[in-house]
Structures are given as C-alpha cells and as structure tokens.
Amino acid sequence: MPAHFYPLLSHPWGGVAIGLVVAAIGVILLVVSHHPRLGRPMGRAHTARVLGALVGAFAAFVLIAAAMSMIEIRRLADAHPPPGILVDVGDYRMHILAEGDAGGGPTVVWIPGGHAQGLALHHLHAAIRDETRSILFDRPGTGWSDPGPFPRRTATEAVELATLLEEAGEEGPFVLAGHSYGGLLAANFARGYPERTAAVVLLDASPPDAFIYAPAYGAAALDGLVRDAEQQGLDKIFGGWTNPELAMAETESEIGEVLRKQRALLADVGEAMAANGRRPATSFATASIFQEFSPDFVSAAAPDLVVYDGELGDLPVLVVIPDEDATGIIEPLEMEEAAARRAVNFFERVRVRYLEVSSDTRLIHTPPGTGHNYPYETPGFVLEVVRQLLAELDGESDGGDTERPS
C-alpha cells in the first residue's frame, strides 16, 4: 500500500471518505450510461448501468461498514477518557501521564517496545510512581495521542518527546527506560538532548544493526510487519478487525505465555488499552515507523537513527539483556547448520552493541530463564535495576557514594 494514504486512513472517518469516492465513481458510471453517444451500440450503455449499480451497492456497503466502525471507535473513546493530559506539540496533541514526586532527583520516562501505547508499561509505572516521578506517554498515533504527521520516524519521535516533556512542564533530568524498539527511541533522545538526560536504561534494546544486517529476520521480517499492520488498519476502518493477540494468548507457545503474563500485569488498564488499539491510527503509525528500515528508506534514515559509538559521552547507560545465547531465537527458523551458526553469532554480538555508545556503560544480565520480554516475566528485577540507578544518581547529586547495579 502506498504510504501516502496513511494520513487519511489513520482517521476513523477515512473509511467514509473512501466510501464517498466509490459512490462518486458509481454515480459517474450511471450518468455516463445515459449519454447519447454511449447508447450506440446499446450494449455499452447497459454495461455502464450495471457497473454503476454494482459500484453503488458496494459503496453503500463500504459507507455502512465505515460508519458503524466510526461509531464504535467513538463509543470506546468516550468510555475510556485519557488518564493524563493532551499537550499541543505543534498542530497535533500527544498524551502524557506524569505522576509522583521526583524529590529533586531525576524523572523516569518509560518507553515500551514496538510502537506500543504508553500503558504497555503501566505496571512498572504504577509500582514506582510513589517513589519518584514517573511518566508514560503515547507516541503519535498510539494511545490517546493524535495521529500526527507522516512518515513516522524514530528521530522525529525523539524531537516530539522532547517537545512534549517541555510543553507539559516536566523539567527533568530524565532517566529514559526503553524496552526493545523503545530502547532505540531512548538512545536517540539521549543523543539529541544530553543536557536533559540523567541516564539511559536499555531493556534489551533494538540496535539498528539487527534490522539492517541480520542474516535472519531483519528487514524482510519488518516488511511483513508493515503489511500486517496495513491490513489490520483497513480491518479497523471497516469493522472487521479482531485483535490477533487474543488468539496467540491462548496458545502454549512462548509468546502465548508472555501475553498471558502481560494481560495479568495490565489488568487494571486492559480495557483502555484494547479501546485504544481499535483506532486505525495505531496500525498505520506502526506500519510507518517500521518502514524506516526498508530498503527504500534506510540509507536516508540511518544517519539520523543510529547512535554511533561514543556519541553519548560519559552518560550512564545500563545495557540490560537476558543471560542466554541466541540459539533459541534461531532454532525455530530451521536454518542450515552453517547459516544458523552465523545467525547465532550475529545476534549474540549485536545484543551488546550499545555498550560502545558511552564511556560509562554497564552490562546487566536478567535472571536465568528470562527472554526478550523480561519486563513482563520479571518486572521486579527491572524495578530494582531502576531503583538502584536512581539511588546512585541521588547519591552523586548529594556528593555521596552509592553502590552501582551489578
């Protein structure tokens, strides 16, 4: 699908607009069918009338489906108002939920993986907001935020996050804690705004290398995610969408187990998350952000996307990764032995790629048996890492010594 359609399709009324265009085509066919010249031979006029009628009937179906979907999205939005505030960041608004008192220390900003809404890490936010100031936010197109401009790019979203924090009156400095793809945004924010960043916690963050050079998964897998997101967006517009995670959560697979844990941890906000997920903007924003690694865009996007070695100076950076080899990632692909060895070697080394971005990076391993989605498998461990970091930063600001996380 051409990305030029994303801005239109991100709005619930996009389906109505499509229906009106189809209806206009039907009307044109019916009008043309009565033109005198088209009547010779008579078969042309008859064909045009039949086509006009069929197109008109299809347009009616599209309009009804789109209108019903738009009403349902509106109903869900009314039933689940934003828990935070909507902040103007430049002709569009972003949602931010900021709670707690920093007490003179840094504020924690949580960034979930994928292009997920802020509530995806609500369990961590809720556990620490009584100890410090904690922030969840929705990237444009997700949660309660407006769709915002397209294309979606991580470098753009780093600027949007900085604008959001400033306009919301959040002074910082900030500890950016980003999981997976969210870690890429955290690193980009720190690179662009080092004076506002106290530290970065990379929760098995995604380095661009994993998508650009990977001998398995890589850009081809992202192309599949883009197509899936586009299809889901269209399904949402016309009311035919069913959340695929519901079926996956019922399986006995590793991802099914993680989804069940996630559902239990986020039970308090689950209905609001589901309501937000019904918006087509969520899907098209996801499709757009993952296109920054596609062959058509990556050469232009990479210089603004990659955080190069040493670019974060002496900023504290915690690289928190599972203490396991990459065999489990590659085995399901059933690659040939030589190719599998190469892929395992790549993923094990790229996982620690962020250790080179600062002179003060620290490698921390998660508890045994945990994988990439450990913020849901062992949230207590994540919270303890962040708490120790906050204590260290507070000790430095007081001139004292505090033990670093190990």
Side-chain angles (χ1 to χ4, degrees), residues 98 102-113 121 124 128 131-137 154-166 170-210 302-321 350-366 375 382-406:
T107 296
V108 181
V109 180
W110 302 98
I111 311 176
L121 291 182
L124 301 176
I128 208 169
E131 305 168 33
T132 189
R133 191 154 183 80
S134 178
I135 291 177
L136 297 177
F137 72 98
T154 297
T156 302
E157 295 192 343
V159 176
E160 290 171 331
L161 174 56
T163 304
L164 171 67
L165 293 170
E166 182 176 0
E170 299 297 330
E171 297 181 356
F174 302 103
V175 170
L176 283 298
H179 175 230
S180 192
Y181 208 82
L184 183 60
L185 176 56
N188 270 266
F189 180 94
R191 181 190 64 183
Y193 305 92
E195 74 286 352
R196 300 173 64 183
T197 305
V200 182
V201 182
L202 300 177
L203 306 172
D204 207 14
S206 303
D209 313 46
D304 290 330
L305 178 66
V306 178
V307 179
Y308 297 125
D309 294 358
E311 278 201 301
L312 299 190
D314 60 355
L315 192 70
V317 177
L318 276 55
V319 179
V320 190
I321 63 173
V350 81
R351 209 165 206 169
V352 295
R353 191 71 182 85
Y354 283 107
L355 286 175
E356 304 300 327
V357 299
S358 166
S359 62
D360 187 10
T361 56
R362 313 144 193 201
L363 178 62
I364 301 176
H365 285 118
T366 63
V382 176
L383 290 166
E384 187 57 29
V385 167
V386 173
R387 286 178 177 128
Q388 288 189 41
L389 176 61
L390 291 173
E392 174 192 342
L393 295 172
D394 184 58
E396 289 179 352
S397 66
D398 293 340
D401 293 326
T402 304
E403 182 180 353
R404 291 184 176 185
S406 59

Supply the atom-to-atom distance [X] [atom1] to [Y] [atom2], rounded to the nearest 0.5 angstrom.
| X | Y | atom1 | atom2 | answer |
| --- | --- | --- | --- | --- |
| R191 | D304 | CZ | CG | 6.5 Å |
| L121 | L136 | CG | CG | 7.0 Å |
| T107 | E170 | OG1 | CD | 6.0 Å |
| E356 | L312 | CD | CG | 12.0 Å |
| H179 | L124 | NE2 | CG | 10.0 Å |
| H365 | I321 | NE2 | CD1 | 4.0 Å |

How far apart are the closest heavy atoms of [X] and [Y], and which atoms are they?
| X | Y | answer |
| --- | --- | --- |
| T132 | P106 | OG1-O, 3.3 Å |
| A158 | L185 | N-CD1, 3.5 Å |
| V382 | P375 | CG2-CA, 4.0 Å |
| A198 | P316 | O-CD, 3.5 Å |

Donor-acceptor pair, distance only, cut-off 3.5 Å: does the side chain of [X] make one with the backbone of [Y]?
| X | Y | answer |
| --- | --- | --- |
| Y354 | L318 | no |
| T197 | F174 | no |
| E131 | I128 | no |
| T154 | L305 | no |
| N188 | L184 | yes |
| S180 | S206 | no |

Practice problem: Take E166 and T163 through the test side chain to side chain contact (heavy atoms under 4.5 Å, CB included) and record every step on the way to the result. | Solution: CA-CA 5 Å; E166 182 176 0; T163 304; 5.8 Å; no

Side-chain heavy-atom pair [X], [Y] within 4.5 angstrom cut-off:
| X | Y | answer |
| --- | --- | --- |
| V317 | V319 | yes |
| L165 | I135 | yes |
| D309 | R353 | yes |
| I111 | Y181 | no |

Exercise. Determine which pairs satisfy salt bridge (Lys or Arg N to Asp or Glu O under 4.0 Å) with at least one residue from residues 173-190, sequence neighbours left out, and list them in order.
Key: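 Not a single pair qualifies under salt bridge (Lys or Arg N to Asp or Glu O under 4.0 Å).
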
Quiz item: How about D314: does its CG atom have over 12 heavy atoms from other parts shown lying under 6.0 Å from it?
Solution: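 12 or below, so no.
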
Quiz prompt | Test ring-ring contact (aromatic ring centres under 6.0 Å, His included) applied to Y193 - qualifying residues, sequence neighbours left out | solution =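 Residues passing ring-ring contact (aromatic ring centres under 6.0 Å, His included) with Y193: F189.
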
